Undergrad: 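First the structure, which I've put down as structure tokens, then a few questions once you've had a look.
Values below: every heavy atom of this structure, side chains too, minus hydrogens, waters and symmetry copies. Since we're looking at a predicted model, the values are computed, not measured.
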Amino acid sequence: GAAGAAGASAPAPRMRPAPTPRDHQRVLPVVIENPDAFHNPFADDEDGSTLVKALADLPTPSTRGPVSPTSPTAPSASSGIGAGRTALPAERRRSATLQPQRDAPAPPPPTAAAPTAGQVLRAYSTDAKGVSPFREGVLTSSVSSSAAAAAAASTEDFSDFDRQKMLECVGVDRFSRPILIFTAANVPPSHEVDPERFVRYVRLKFDLIVESDYVIIYLHHGLRGHNKQLISQMWKAYMGFDRKYKKNLKALYLVHTTTFIKVILALAKPIISSKFGQKIVYIKQLRELDAYVHLEQIAIPDIVRRHDATLTAPATAAPAAAAAVASSNAMFGVHLKDVKAMDPVANVPVIITRCVAFLRTSGAFDVEGIFRRSTNSVLMKEIRQAWNETGDVDLSKIEDVHLVAVLMKTFFRELKEPLLTYGAYRQGIAIQEMPEGPEKLAAARKYVDALPPRNAALVRYLLAFLEEVSQYSDKNKMTKSNLAIVFGPNLLWEQGAAANLAEMEAVNKLTLYLLDHQSELQQQQQQPAS
């Protein structure tokens, strides 16, 4: 009795209604009375990931459903915090906070339907709990390991996409950064492509270069109504990828873009960081692009070149870095045989021995990603110009080790003829295709010995130095394989031919083989007596 009376007088426990699964995803409109005092949450969003996360959390049209203006969930004209929630009378709101929730009948299961493009892209950004599947290695809403996802994508046959040549790796730019070129004119009609498969293909292409700093060239001419949706999906998918995909992007060259796109990007500036905006470079004509990349080594579709020929806008970019230099002290953009400042002991250009000495004494061997990371392009141009004008620059005052590392790679890239020479291109490709054994090593020795004396000396000097760098790979992560990938495209390329991924891989394999056997290649073979 007493216990019962005490129990009857005890107040009911206060319980909040259980939130619905989508409550946390609802973005509430807020009226900003003082815009000057408003803090932009995306101000430091360098790679755009915060913005993409916020957009991805919005319900997709297929799951949100229409909202009637008279519906209790419709926001009022004076929408603010709390707008969009179900409106309840005061007594019902009080009752809901005092009484436990009763079990409601489960809603009927939704009918199966094909996923929309929005749902596909949301699966590549965030799930219902706000977790990024890409950061967890999940390719769809189901849980899978990153290794399994990468293996599945790498074994999938994308030869039909490759034949379209819409997304290609095409060598390196003038700062030795890998290039990914996206050609709108080669994109197939959207209705002919599975969007999920297309996103996997895009991711696989980026995975080839994303571990290093890289650049993107977007050729806009050729965009049509039939393929516009697929291109939009590609950009949305890219922005939903892991942060490193955007962070390692150092330049985005937009070629032949329309005024409409420029206006859209200008309107987006308040919600994206200035750092990300600084990566965008508008290119009016292809000749402007040559200031940043080796245009002769990029396969530009005929439809784009014909369109470019109809344009009369003057070029605004600086002259190409590889242009002939009048100074007799020139180090960059000349033939190796024409370099005047040579180290008398090593018989290699002074700029190379200076860079090597700096990197050895500056702790660069312990820096992760040395030779893989890019540097300040403005400083790089100034130092390169100083070398060409004076033939001698004091590197001891430089604080950024990456600047000197890029300077060294750029010297090789800007040679009028590659270090391994045009004439030996096919011979080098043939060597890397040979089976392992004494014959392959003998062919590699003959290959290096047959180079001009300056070239052979510099090859041996460089290989010995890279061997030294690789000995610190536990700290700098630059194994011989990684060094071959970043140096290979700077040592050999085919004359007058556009770079392609297959031949780039062959050059990298040749470079790795030479590096693996650098000790056997150091001494020139004795010629048999006649």
Side-chain angles (χ1 to χ4, degrees), residues 154-155 159 162 168-172 176-180 204-205 207-209 211-212 214 294 296-299 336 371-372 408-409 411-413 415 417-471 473 478-525:
S154 62
T155 58
S159 57
D162 285 334
E168 295 183 289
C169 298
V170 290
V172 296
S176 300
R177 299 173 298 198
I179 302 171
L180 197 63
L204 183 63
K205 283 293 186 181
D207 282 344
L208 296 173
I209 61 173
E211 295 302 328
S212 302
Y214 68 98
H294 302 269
E296 72 279 2
Q297 297 178 26
I298 297 179
L336 183 58
F371 289 114
R372 195 178 69 218
M408 184 173 175
K409 286 196 303 180
F411 169 81
F412 291 106
R413 186 65 194 181
L415 287 173
E417 184 176 12
L419 180 62
L420 297 178
T421 72
Y422 289 132
Y425 178 83
R426 286 300 166 192
Q427 182 184 356
I429 299 300
I431 289 174
Q432 67 86 24
E433 295 175 347
M434 295 175 63
E436 295 294 329
E439 293 183 0
K440 184 173 184 178
L441 181 57
R445 284 176 172 171
K446 184 177 180 180
Y447 174 72
V448 175
D449 291 345
L451 295 172
R454 277 194 179 187
N455 297 62
L458 185 51
V459 167
R460 294 187 175 101
Y461 185 88
L462 176 64
L463 292 176
F465 172 69
L466 295 182
E467 167 72 27
E468 190 177 349
V469 175
S470 70
Q471 293 175 4
S473 61
M478 297 305 292
T479 61
K480 290 182 180 181
S481 177
N482 288 338
L483 289 169
I485 290 173
V486 298
F487 268 93
N490 299 298
L491 303 180
L492 183 63
W493 59 89
E494 189 172 13
Q495 185 175 18
N500 61 71
L501 185 59
E503 297 204 354
M504 284 173 57
E505 290 178 349
V507 169
N508 294 344
K509 289 179 180 179
L510 171 64
T511 307
L512 178 58
Y513 184 81
L514 297 179
L515 184 53
D516 281 337
H517 297 84
Q518 67 87 23
S519 59
E520 294 99 320
L521 300 175
Q522 287 303 319
Q523 297 298 325
Q524 185 173 4
Q525 297 183 92

Undergrad: Can you measure from CD (E505) to CD1 (I429) and round to the nearest 0.5 angstrom?
TA: 11.0 Å
Undergrad: Under the side chain to side chain donor-acceptor pair (under 3.5 Å) criterion, do R445 and H517 qualify, and how do the steps go?
TA: CA-CA 10 Å; R445 284 176 172 171; H517 297 84; over 6 Å; no
Undergrad: Counting only heavy atoms not in E439 (residues, nucleotides, ligands), do more than 12 fall under 6.0 Å from its CD?
TA: no
Undergrad: From Q522 CD over to L463 CG, what is the distance, rounded to the nearest 0.5 angstrom?
TA: 7.0 Å
Undergrad: When you look at Y425 and L492, which way does the side chain to side chain contact (heavy atoms under 4.5 Å, CB included) test go after all the steps?
TA: CA-CA 7 Å; Y425 178 83; L492 183 63; 3.6 Å; yes
Undergrad: If you take all heavy atoms of A424 and Y447, which pair is closest and at what distance?
TA: O-CE1, 3.3 Å
Undergrad: Between R426 and E494, does any side-chain N to carboxylate O distance fall below 4.0 Å?
TA: yes
Undergrad: Going by the side-chain contact (heavy atoms from CB on, under 4.5 Å) test, name the single residue among L462, N490, L491 that passes it with T511.
TA: L491
Undergrad: What is the distance from atom CG of D516 to atom CD of E467, rounded to the nearest 0.5 Å?
TA: 8.5 Å
Undergrad: Which heavy atom in A443 sits nearest to a heavy atom in M434, and how many Å separate them?
TA: CB-SD, 4.0 Å
Undergrad: Determine the sole option in L521, L441, N508 for which the side-chain contact (heavy atoms from CB on, under 4.5 Å) test with Y513 is passed.
TA: L441
Undergrad: Do you know the tightest heavy-atom contact between L336 and L415?
TA: N-CD2, 4.0 Å
Undergrad: Going through the distances and angles, do K205 and D162 end up as a salt bridge (charged side-chain N to carboxylate O under 4.0 Å, His left out)?
TA: CA-CA 10 Å; K205 283 293 186 181; D162 285 334; 3.3 Å; yes
Undergrad: Of the non-hydrogen atoms in L514 and A444, which two are nearest, and what is the gap between them?
TA: CD2-CB, 4.2 Å
Undergrad: When you look at L458 and F411, which way does the side chain to side chain contact (heavy atoms under 4.5 Å, CB included) test go after all the steps?
TA: CA-CA 12 Å; L458 185 51; F411 169 81; 4.2 Å; yes
Undergrad: Apply side chain to side chain contact (heavy atoms under 4.5 Å, CB included) to residues V486 and M478 and explain how you reach the verdict.
TA: CA-CA 10 Å; V486 298; M478 297 305 292; 4.1 Å; yes
Undergrad: At their closest point, which heavy atom of P178 faces which heavy atom of I209, and how far apart are they?
TA: CB-CG2, 3.8 Å
